[in-house]
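First up is the structure itself, then whatever we jot down about it.
Order of the sequence lines fixes the chain letters, A, B, ..., with proteins taken first and strands second; residue numbering starts at 1 for each chain. Given the structure is predicted, the values throughout are model-derived calculations rather than measurements.
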Number of protein chains: 2
Amino acid sequence: MAIYGDEESCDMRGMLGFLILFLLYEKKPMHGQEIADELAKRRGDRPSPGTIYPAIKGLKDAGYLHEEKKIGKTISYTLTPRGMKAFHVARRRFTKIFFGVLD
Amino acid sequence: MAIYGDEESCDMRGMLGFLILFLLYEKKPMHGQEIADELAKRRGDRPSPGTIYPAIKGLKDAGYLHEEKKIGKTISYTLTPRGMKAFHVARRRFTKIFFGVLD
DNA sequence: ATACCTATATAGGGTGTCCGATATATATAA
DNA sequence: TTATATATATCGGACACCCTATATAGGTAT
């Protein structure tokens with residue numbers, strides 16, 4: 001059971017999309033690699049392209065992300081109003097569940 | 001993609017064991033149904049027996065839980081020193097990842 | 001033009017969490 | 001005893017997140 005190893009007690013699966021919404025909520029325009037950078041700082045390990053881009057695509061297909069501008073192959077994303085609302089709902093739920101957990 | 005439905009933006013899968021550690025860290029002796037009660041209050045829906053008991057067993061097998069006392073079929077659990085340490089490690093990681101997310 | 005680096009993209013599948021269904025056991029009540 | 005309610009337990013599998021490997025394309029330099 002990987003979750004209960006010596007190093008980690010939870011794998012936090014299912015939080016990637018939520019984290020991306022949060023990052024875009026905080027720092028408006030970000031592209032894929034910037035998101036990966038920020039996740040690397042927070043999680044300790046950097047998500048691979050095969051992790052980050054499908055996650056972005058999922059959020060985009062849900063109508064939560066707007067492609068802002070393209071410079072070369074770089075694509076910047078911002079939250080749509082729908083994405084903003086989805087994040088607020090998710091954050092309220094997250095806060096209720098994990099109230100009191102943080103140091 | 002179930003995660004990005006209208007109601008929820010993340011399923012928070014992979015957090016159940018971590019939450020149980022947290023609940024036992026806060027309120028020392030709890031048995032299965034008390035844990036289910038508390039999770040019901042936080043998550044909104046009550047975990048079924050098929051969810052909660054395998055999760056407890058996983059933590060028990062990892063050496064994180066100590067069976068305190070049995071009254072009838074009721075079993076109360078507390079964190080072992082090892083479980084305490086595992087929770088501290090997990091909470092530090094959790095806090096780093098989700099810093100700034102809560103309302 | 002060629003080489004190289006970076007950013008984006010998809011497929012395919014491993015992996016493990018979580019849940020429904022089901023079973024067992026204890027305590028209490030009628 | 002019989003019935004009922006509660007607590008614990010296991011199994012079997014659906015589900016889908018995430019990763020490895022691979023591919024494509026734009027920018028830049030030589």
Side-chain angles (χ1 to χ4, degrees), chain A residues 1-5 7-21 24 29-40 42-62 64-77 90 97, chain B residues 1-5 7-21 24 29-40 42-62 64-77 90 97:
Chain A
M1 208 182 269
I3 304 177
Y4 306 115
E7 295 299 324
E8 308 179 14
S9 295
C10 54
D11 64 357
M12 298 170 190
R13 180 179 296 206
M15 308 301 297
L16 183 59
F18 176 63
L19 270 172
I20 293 174
L21 289 182
L24 289 173
M30 295 179 88
H31 60 271
Q33 291 305 311
E34 285 177 332
I35 293 172
D37 290 341
E38 187 62 31
L39 289 174
R42 288 175 174 264
R43 306 196 318 178
D45 64 325
R46 184 186 184 78
S48 67
T51 297
I52 199 72
Y53 291 109
I56 290 174
K57 180 172 170 27
L59 296 169
K60 193 169 55 181
D61 292 347
Y64 294 169
L65 266 47
H66 173 69
E67 295 191 355
E68 191 74 4
K69 53 184 175 178
K70 307 185 182 186
I71 305 170
K73 202 169 176 56
T74 299
I75 303 173
S76 289
Y77 294 99
I97 293 176
Chain B
M1 211 179 268
I3 305 178
Y4 306 115
E7 295 299 323
E8 308 177 15
S9 294
C10 54
D11 65 358
M12 296 168 192
R13 180 177 298 208
M15 309 303 297
L16 184 58
F18 175 64
L19 271 172
I20 293 175
L21 289 182
L24 289 174
M30 294 180 90
H31 59 270
Q33 290 306 309
E34 285 177 333
I35 292 172
D37 289 342
E38 188 61 31
L39 289 174
R42 286 174 176 265
R43 307 195 318 178
D45 64 324
R46 184 187 186 77
S48 68
T51 297
I52 200 72
Y53 290 108
I56 289 173
K57 180 171 169 31
L59 295 169
K60 193 168 53 181
D61 291 348
Y64 294 169
L65 266 45
H66 172 69
E67 295 189 357
E68 190 75 3
K69 51 183 175 178
K70 306 184 182 185
I71 306 170
K73 203 170 174 56
T74 298
I75 303 172
S76 289
Y77 294 98
I97 293 177

Identify whether any heavy atom of [X] sits under 4.0 Å from a base atom; if not, whether one sits that close to sugar-phosphate; answer base, sugar-phosphate or nothing.
X: A:G50; value: base
X: B:T74; value: sugar-phosphate
X: B:I75; value: sugar-phosphate

Going by heavy atoms in the side chains, are [X] and [Y] under 4.5 Å from each other?
X: B:L65; Y: B:L21; result: yes
X: A:L24; Y: A:L59; result: no
X: B:R46; Y: B:Q33; result: yes
X: B:H66; Y: B:Y77; result: no

How close or far is atom [atom2] of [N] from atom [atom1] of [X], stated in whole angstroms?
X: B:I35; N: D:dA9; atom1: CD1; atom2: P; answer: 11 Å
X: A:L59; N: D:dC17; atom1: CG; atom2: C1'; answer: 13 Å
X: A:I52; N: D:dT20; atom1: CD1; atom2: P; answer: 14 Å
X: A:K57; N: C:dG12; atom1: NZ; atom2: C1'; answer: 16 Å
X: B:R46; N: D:dT8; atom1: CZ; atom2: C1'; answer: 13 Å
X: A:F18; N: D:dC17; atom1: CZ; atom2: C1'; answer: 16 Å
X: B:I56; N: D:dT10; atom1: CD1; atom2: P; answer: 11 Å
X: A:E34; N: C:dT6; atom1: CD; atom2: P; answer: 15 Å

Would you mind telling me which of [options] lies closest to the side-chain atoms of [X]?
X: B:Q33; options: C:dA7, D:dC19, D:dT8; value: D:dT8
X: B:K60; options: D:dG26, D:dA7, D:dA9; value: D:dA9
X: A:Y77; options: C:dA9, C:dC19, D:dA7; value: C:dA9
X: B:D45; options: C:dA7, C:dC19, C:dA9; value: C:dC19
X: A:Y53; options: C:dT10, D:dT10, D:dC19; value: C:dT10
X: A:L16; options: D:dC18, C:dG20, C:dT8; value: D:dC18
X: A:K73; options: C:dA9, D:dA25, C:dC18; value: D:dA25

Counting just side-chain N and O atoms, does B:T51 come under 4.0 Å of either OP1 or OP2 of C:dC19?
-> yes
To the nearest 0.5 angstrom, please state how far the NE2 atom of A:H31 sits from the CD1 atom of A:I75.
-> 10.5 Å
